[in-house]
Amino acid sequence: MRILFDPFLPEYKSPFGTLVPGEACHIRIRIPVSCRTERVRLVLLTEKGEEYAFFAMTLEKRDKDYEQYRTLFALPCEGLWFYRFAVETENERFSLYRQGLRDTNMEAGELWQLSCVPKDFSPPEAFRGKVMYQIFPDRFYKAGDCDLTGKLLPYSVHENLRDVPEFLPDEKGEVRNCDFFGGNLRGIEEKLDYLSELGVGVIYLNPIFKAWSNHRYDTADYKMIDEMLGTQEDFASLCRAVHKRGMKIILDGVFSHTGNNSRYFDAKGVFGGGAVSDPDSPYRSWFEFQSYPDTYTSWWGITTLPCTRELDEGFLNFIIEDEDSVIARWIRAGADGWRLDVADELPDEFIVRLRRRMKELAPDALLIGEVWEDASNKSSYGKRREYFTAGELDSVMNYPFRTAILDFILGRITAKGFQRSVMDLVEHYPEGVLHSLMNMLSTHDTPRLLSLLSPTPAPAEKRDRAGYQMSAEDRRVAMARFRAATLLQFVLPGMPCVFYGDELGTEGFEDPFCRSFFDWQRVEGNPLVDFFRVLMHLKNENIALRSGKVWIEPCGENGILMCREKDGIRIFAFVTISEGSVEKPKSVLLSEGAREEGKKLLLEPYGFVLWEEEK
């Protein structure tokens with residue numbers, strides 16, 4: 001008989017998940033009577049693994065098989081904490097650790113994690129469970145002509161919107177990323193009715209500020225819209241149109257580095273007054289020079305992206321604190337929040353000050369961080385991050401869910417592995433964060449989901465991956481996998497984020513092949529667009545899918561049963577990567593690859609069924 005402790009069940013731990021300082025937490029553990037237990041303690045450890053306190057556990061009740069021990073405690077302050085159990089019996093002493101998701105093990109295993117977050121930390125409710133849509137602005141839609149006077153040179157504009165983005169290096173061996181397709185802000189505004197009717201509630205834009213490249217992560221002027229995209233008035237008009245439709249808009253904040261061809265660094269002398277072009281520049285202290293002006297710290301060694309010193313007072317004032325700071329200017333212009341590029345490389349103090357200023361201007365604005373791992377216990381550059389324990393970020397880009405979905409659909413993990421990957425985060429993240437997670441399957445930084453799900457591996461050479469299209473049979477299999485993966489994305493807690501064009505079934509491998517121009521001729525009559533429309537409206541209309549509790553149960557190695565529950569409404573989803581079956585539900589909301597046989601639904605590989613039940 002095993003020692004029983006399951007932090008997902010209220011009879012063992014209450015409340016579930018994170019705590020706030022001073023909040024009472026009940027912990028119970030059940031030990032077999034045959035152990036002849038004499039003493040049990042809960043051992044609380046700091047985030048550095050140091051023993052902080054021991055809480056005695058008292059015998060609460062006994063039956064013929066088990067003795068139940070209980071303790072009540074509270075955490076003294078915000079932070080990341082861990083715990084285990086110390087057990088003494090007539091014959092031995094041992095520590096009890098976590099094994100897997102819900103089991104225990106003697107003397108070996110993992111510590112249980114317990115995060116303590118600020119009492120006033122509450123991500124805005126207006127975003128929870130919304131559908132997000134990510135737009136790479138140059139590649140979505142063009143309306144009218146923009147005044148390109150002042151556009152940084154050189155650049156080129158594709159005449160054929162079906163062109164493959166340029167990917168070959170120039171004569172100097174550099175991939176320049178200065179080819180444009182001409183998508184602009186007025187084009188996005190013109191297509192808002194399409195997005196609204198689809199069911200989108202939040203639009204996330206990749207960078208829109210003046211820059212040399214088409215991706216614009218090399219900012220040249222934080223206070224100016226890139227000429228290829230339009231003007232500040234175009235942005236304000238877009239925001240007004242977005243808000244008129246009840247939608248919100250999130251901007252990309254790239255503050256860990258600028259471009260070398262920028263107003264601030266000015267390596268090419270285009271602007272004048274920059275850190276390189278003027279030794280007395282007010283921007284010089286923004287950058288770290290080892291040997292002025294030629295040797296400096298740059299992002300991952302890419303010399304076109306000089307790193308900023310984010311805690312430089314001048315930089316802090318310019319980006320955050322000034323009356324017309326970057327944060328203030330664009331929030332006042334209509335932005336509803338920011339996504340922080342490479343949040344791991346931004347100091348905690350910088351994020352804290354940015355969030356405080358943003359909330360002063362717009363209390364319901366959302367701050368999302370680009371974090372690729374479990375953000376609750378993330379360490380970067382030798383420091384444990386405080387994204388939630390210091391109330392820094394409202395949400396993060398949720399790559400762990402993406403990894404779990406892809407690994408399950410492709411058979412790299414079992415259903416039990418999927419359950420562990422998802423429920424770990426459900427336990428570790430504050431509730432408001434959990435329902436605001438940016439859950440994406442494709443992004444500008446990753447290959448398109450459909451291409452990743454092809455049964456045939458990608459061509460080895462980059463030249464061969466350019467414009468590659470899978471065979472009809474590969475696409476059939478990939479599409480079945482794609483729909484199953486997307487169903488999981490929409491049922492999981494958080495904001496499902498659709499990368500522009502995924503709803504068309506767009507293919508494309510790594511950057512820049514994942515950034516092709518949106519093919520508007522493929523919208524009308526596209527069954528995949530209809531599939532996304534149904535999913536988005538189900539997410540929007542059902543409170544259980546937007547903010548309900550989640551439970552996941554493996555059904556063998558290849559099947560997942562998931563439940564979302566709130567206010568007496570329960571939504572179930574069953575997904576399998578092999579053949580499977582479920583009892584035929586009374587109220588089916590959506591199904592794929594399923595057929596009736598008697599009282600059962602039989603599912604093909606990658607089939608699924610979504611249904612509703614009242615509790």
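Predicted model only: the values in this text are computed from it and were never measured.
At a threshold of 4.0 Å, the pair Arg448-Glu507 does not count as salt-bridged, since none of the basic side-chain nitrogens sits closer than that to a carboxylate oxygen. Under the 4.0 Å criterion applied to side-chain N and carboxylate O atoms, Lys584 and Glu597 are not assigned as salt-bridge partners. A salt bridge is defined here as a Lys NZ or Arg NE, NH1 or NH2 lying under 4.0 Å from an Asp or Glu carboxylate O, and Arg245 with Glu197 fails to meet this definition. The residues Lys142 and Asp145 are annotated as salt-bridged, a charged nitrogen and a carboxylate oxygen being separated by less than 4.0 angstrom. Using a cutoff of 4.0 Å between basic side-chain nitrogens and carboxylate oxygens, Arg412 and Asp407 are scored as salt-bridged. By the 4.0 Å N-to-carboxylate-O rule, Lys586 lies too far from Glu613 to be salt-bridged with it. Taking a cutoff of 4.0 Å between a charged side-chain nitrogen and a carboxylate oxygen, Arg546 and Glu541 do not qualify as a salt bridge. Between Arg162 and Asp519 there is a salt bridge, with a side-chain nitrogen of the basic residue lying less than 4.0 Å from a carboxylate oxygen of the acidic one. We find that Arg515 and Asp138 are not joined by a salt bridge, their nearest charged nitrogen and carboxylate oxygen being 4.0 Å or further apart.
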**OP:** Report the C-alpha distance between Arg240 and Glu233 in whole Å, list the side-chain angles of each, state the deciding distance to 0.1 Å, and finish with yes or no for salt bridge (Lys or Arg N to Asp or Glu O under 4.0 Å).
**Re:** CA-CA 10 Å; Arg240 289 193 294 270; Glu233 176 48 40; 2.7 Å; yes

Original post:
Passes salt bridge (Lys or Arg N to Asp or Glu O under 4.0 Å), Arg216 versus Asp252? Steps please.
Top reply: CA-CA 10 Å; Arg216 301 187 177 91; Asp252 212 331; over 6 Å; no

**OP:** Apply the test salt bridge (Lys or Arg N to Asp or Glu O under 4.0 Å) to residues Lys210 and Glu227: give CA-CA distance (whole Å), side-chain angles for both, the deciding distance (0.1 Å), then the verdict.
**Re:** CA-CA 7 Å; Lys210 182 180 178 72; Glu227 289 88 348; 2.6 Å; yes

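Taking the six-membered ring for Trp, Tyr194 and Trp520 have ring centres closer than 6.0 Å. If you look at His444 and Tyr217, their ring centroids are closer than 6.0 Å.
Of all heavy-atom pairs spanning Pro400 and Trp372, the tightest one is CD-O, 3.8 Å. Between Glu604 and Thr576, the shortest heavy-atom contact is O-CG2, 3.8 Å. What you find for Ile413 and Phe408 is that their closest heavy atoms are CG1-N, 3.6 Å. Closest approach of Phe532 to Val498, counting heavy atoms only: CE2-CG2, 3.7 Å. Nearest heavy atom pair, residue Cys514 against residue Tyr500, reads O-OH, 4.1 Å. In this structure, Asn206 and Gln134 approach most closely via the heavy-atom pair OD1-NE2, 3.0 Å.
A distance-only check finds no donor-acceptor pair linking the side chain of Ser451 to the backbone of Pro447 [under 3.5 Å]. Of the possible donor and acceptor atoms, none in the side chain of Tyr399 sits under 3.5 Å from a partner among the backbone N and O of Met440. Side-chain atoms of Ser436 come within 3.5 Å of backbone N or O of Gly432 as a donor-acceptor pair.
Using modelled atom types and a 3.5 Å distance limit, the side chains of Asp218 and His257 yield no donor-acceptor pair. Using modelled atom types, one finds a donor on one side chain and an acceptor on the other under 3.5 Å when comparing Asp179 with Asn214. Side-chain atoms of Thr443 and Asp445 form no donor-acceptor pair, as typed in the model, at a separation below 3.5 Å. Side-chain atoms of Asp344 and Tyr387 include a donor-acceptor pair closer than 3.5 Å. For Tyr204 and Arg339, the side-chain atoms include at least one donor-acceptor pair closer than 3.5 Å.
Sorted by first and then second residue, the side chain to side chain donor-acceptor pair (under 3.5 Å) pairs with a member in residues 482-491 read Arg483-Glu592; sequence neighbours excluded.
Enclosure of atom CZ in Arg332 by more than 12 non-hydrogen atoms of other residues, nucleotides or ligands within 6.0 angstrom is indicated. The local environment of NZ in Lys130 is sparse, with at most 12 non-hydrogen atoms from other residues, nucleotides or ligands closer than 6.0 Å.
Using cut-offs of 30° and 60° on the angle between ring planes, the pair Phe255 and Trp338 is tilted.
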Side-chain donor/acceptor pairs under 3.5 Å, residues 299-306, sequence neighbours excluded:
from, atom 1, to, atom 2, distance (Å)
Trp299, NE1, Glu345, OE1, 3.0
Trp299, NE1, Glu345, OE2, 3.4
Trp300, NE1, Glu345, OE2, 3.0

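Between Ile552 and Ile560, the closest side-chain pair of non-hydrogen atoms falls below 4.5 Å.
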